[in-house]
Amino acid sequence: MSVRELVVLGTASQVPTRHRNHNGYVLRWDGEGILFDPGEGTQRQMLRAGVAAHDLHRICVTHFHGDHSLGLAGVIQRINLDRVPHDVTAHYPRSGQRFFDRLRYATAYRETVQLVEAPVAEDGVLAATPAYRLEARRLSHPVESFGYRLVEPDGRRMLPERLAAHGIKGPDVGRIQREGALGGVSLGDVSEVRRGQRFAFVMDTRLCEGVYALADGCDMLVIESTFLDEEAELADEHGHLTAGQAAAVARDAGVRHLVLTHFSQRYTEPDEFERQARAAGYEGELTVAHDLLRVPVPKRR
């Protein structure tokens, strides 16, 4: 049975708190696991959340600030210690190659796993698999930062009433799916497009074109909301979003499930983030993330 869910490992920005670990998010997408922004303490949070090194197939780093990347050293060494039986691909801004190198070889260990380095230098498609297309878009932050987006290929949904009207049943249903036509009836006559699911991960950034491109039509958007709206000027100065700004992006982009995260240590209660997000006019499903939370990706439309 396929599983598509977000596992939240940490939700703090800049510094951890008593109740929030540094960043870390694992997207389970059928048989693959994608780790986003492993901050300090990620390896331990994976243990607490029931995520094994064997579950990871990709690591996506948005940028090289410590709260988004200092956990790389431990995660990479754990992947090798556990002898993960498949290649693991790492995506990160090419401009931060020196930081990645330092983290990858921070201490001595034995390399047993093929870690494929696939740095990001520009907007575009990073990888295409049968299950998804991974894309990147540049964001606006004091250091180079990229957001990530997964797009599942569109499929087709068979329509029982149309199949019945054309007398197609049993093994012939599979045959028309494979061959595209049967006895003068085309696949389009008895089915409709089933839109693929879309997921986006947007961390440290001001409002910019990349934010909207990543969020467009997403079933789930994981996005930073470091500040409340009262601190909008401070957020812009430091390259961050407020709860209201993040929610307005989700509203305008038609996002189905909005996940707010990456909270400043100045805030101890999550209720105000939800209130401001709703005040911005977002009416979809809304989650104010907390550590060790599991959030299912919405079912296909």
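Since the structure is predicted, the reported quantities are computational estimates derived from the model, not experimental observations. Along the sequence shown, residues are numbered consecutively beginning with 1.
In this structure, R104 pairs ionically with E111, as a charged nitrogen and a carboxylate oxygen lie closer than 4.0 Å. In this structure, E144 pairs ionically with R138, as a charged nitrogen and a carboxylate oxygen lie closer than 4.0 Å. For the pair R194 and D154, the salt-bridge criterion is not met [side-chain N within less than 4.0 Å of a carboxylate O]. Salt bridge annotation for E283-R278: absent, with no cationic side-chain nitrogen under 4.0 angstrom from a carboxylate oxygen. Between D55 and R28, at least one side-chain nitrogen of the basic residue sits less than 4.0 Å from a carboxylate oxygen of the acidic one, meeting the salt-bridge criterion.
Shown here are the salt bridge (charged side-chain N to carboxylate O under 4.0 Å, His left out) partners of R198, two or more places apart in sequence or in another chain: there are none. By the salt bridge (charged side-chain N to carboxylate O under 4.0 Å, His left out) test, E272 is found to be paired with R275, residues two or more places apart in sequence or in another chain being considered. Taking the side-chain hydrogen bond (donor to acceptor under 3.5 Å, both in side chains) definition, one finds that Y282 meets it with nothing, sequence neighbours left out. Checked against side chain to side chain contact (heavy atoms under 4.5 Å, CB included), Q114 has the following partners two or more places apart in sequence or in another chain: D87, V116. In this view, R294 and E5 satisfy the salt bridge (charged side-chain N to carboxylate O under 4.0 Å, His left out) rule, not counting sequence neighbours. The salt bridge (charged side-chain N to carboxylate O under 4.0 Å, His left out) check on R266 picks up E231, with sequence neighbours excluded.
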Contacts under 3.5 angstrom, residues 208-216 side chains, donor-acceptor by atom type, not counting sequence neighbours:
none

Indicate every side-chain donor-acceptor pair of residues 251-259 with a distance under 3.5 Å to a residue at least two apart or in another chain.
from, atom 1, to, atom 2, distance (Å)
R251, NH1, A280, O, 2.4
R256, NH1, D219, OD1, 2.6
R256, NH1, K299, O, 2.7
R256, NH2, K299, O, 3.0
H257, NE2, T287, OG1, 2.7

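Looking at Q197 and R4, their side chains come closer than 4.5 Å, going by heavy atoms from C-beta outward. The side-chain heavy atoms of M158 and Q177, taken from C-beta on, include a pair separated by under 4.5 Å. At least one side-chain heavy atom of Q97 sits under 4.5 Å from a side-chain heavy atom of E117. The closest side-chain heavy-atom distance from R58 to L35 is not below 4.5 Å. Using a 4.5 Å heavy-atom threshold, the side chains of L70 and L103 count as touching. Within the 4.5 Å cutoff, side-chain heavy atoms of H65 are placed close to those of H141. Using a 4.5 Å heavy-atom cutoff, the side chains of F263 and F227 are not in contact. Using a 4.5 Å heavy-atom cutoff, the side chains of V75 and L56 are in contact.
When every heavy atom of V113 is checked against every heavy atom of N80, the shortest pair comes out as N-OD1, 3.0 Å. Contact record, N21 with L9: CB-O, 3.9 Å, taken as the closest heavy-atom pair. What you find for D172 and L182 is that their closest heavy atoms are CB-CD2, 3.6 Å. Scanning both residues, G244 and D229, for their nearest heavy atoms gives N-OD1, 2.8 Å. Taking both residues in full, the closest heavy atoms of H290 and V8 are given as O-CG1, 3.5 Å, listed atom of the first, atom of the second, then distance. V120 and H91 get closest at one heavy-atom pair: CG2-CB, 4.2 Å.
In this structure, OH on Y92 lies 12.0 Å from SG on C60, to the nearest 0.5 angstrom. In this structure, CG in L47 is found 12.5 Å from OG1 in T42, a value given to the nearest 0.5 Å. For the atom pair CD (Q245) and CD (E224), the distance works out to 9.0 Å, reported to the nearest 0.5 Å. Taking CD of E40 as the reference point, atom CG of L72 lies at 12.0 Å (rounded to 0.5 Å).
For CZ of R110, the number of neighbouring non-hydrogen atoms (other residues, nucleotides, ligands) closer than 6.0 Å is 12 at most.
Listed by first then second residue, pairs satisfying side-chain hydrogen bond (donor to acceptor under 3.5 Å, both in side chains) with a partner in residues 7-19 read T11-D291, not counting sequence neighbours. Pairs of residues two or more places apart, or lying in two chains, that qualify as ring-ring contact (aromatic ring centres under 6.0 Å, His included) and include a residue from residues 68-87 are H57-H86, H63-H68, H68-H262. For residues 67-85, the pairs satisfying salt bridge (charged side-chain N to carboxylate O under 4.0 Å, His left out) are R78-D82, with sequence neighbours left out. For residues 119-130, there are no side-chain hydrogen bond (donor to acceptor under 3.5 Å, both in side chains) pairs, not counting sequence neighbours.
The same ILVMFWY cluster, assembled from side-chain heavy atoms under 4.5 Å apart, contains both V249 and L139. Residues V151 and Y148 do not share a hydrophobic cluster, clusters being chains of Ile/Leu/Val/Met/Phe/Trp/Tyr side chains in contact below 4.5 Å. Placement of L221 and L286 within a single hydrophobic cluster is found when ILVMFWY residues are connected by side-chain heavy-atom separations under 4.5 Å, directly or transitively. Hydrophobic clustering places L6 together with F36 (ILVMFWY residues linked when any side-chain heavy atoms are closer than 4.5 Å, directly or through intermediates). Clustering ILVMFWY residues whenever any of their side-chain heavy atoms sit less than 4.5 angstrom apart, transitively, puts V295 in the very cluster that holds I34.
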### Message
Run the side chain to side chain donor-acceptor pair (under 3.5 Å) test on T62 and D37 for me, step by step, so that the C-alpha distance in whole Å, both residues' side-chain angles and the decisive distance to 0.1 Å come before the verdict.
### Response
CA-CA 6 Å; T62 59; D37 280 8; 2.7 Å; yes
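Between F199 and Y132, the ring centre distance reaches or exceeds 6.0 Å.
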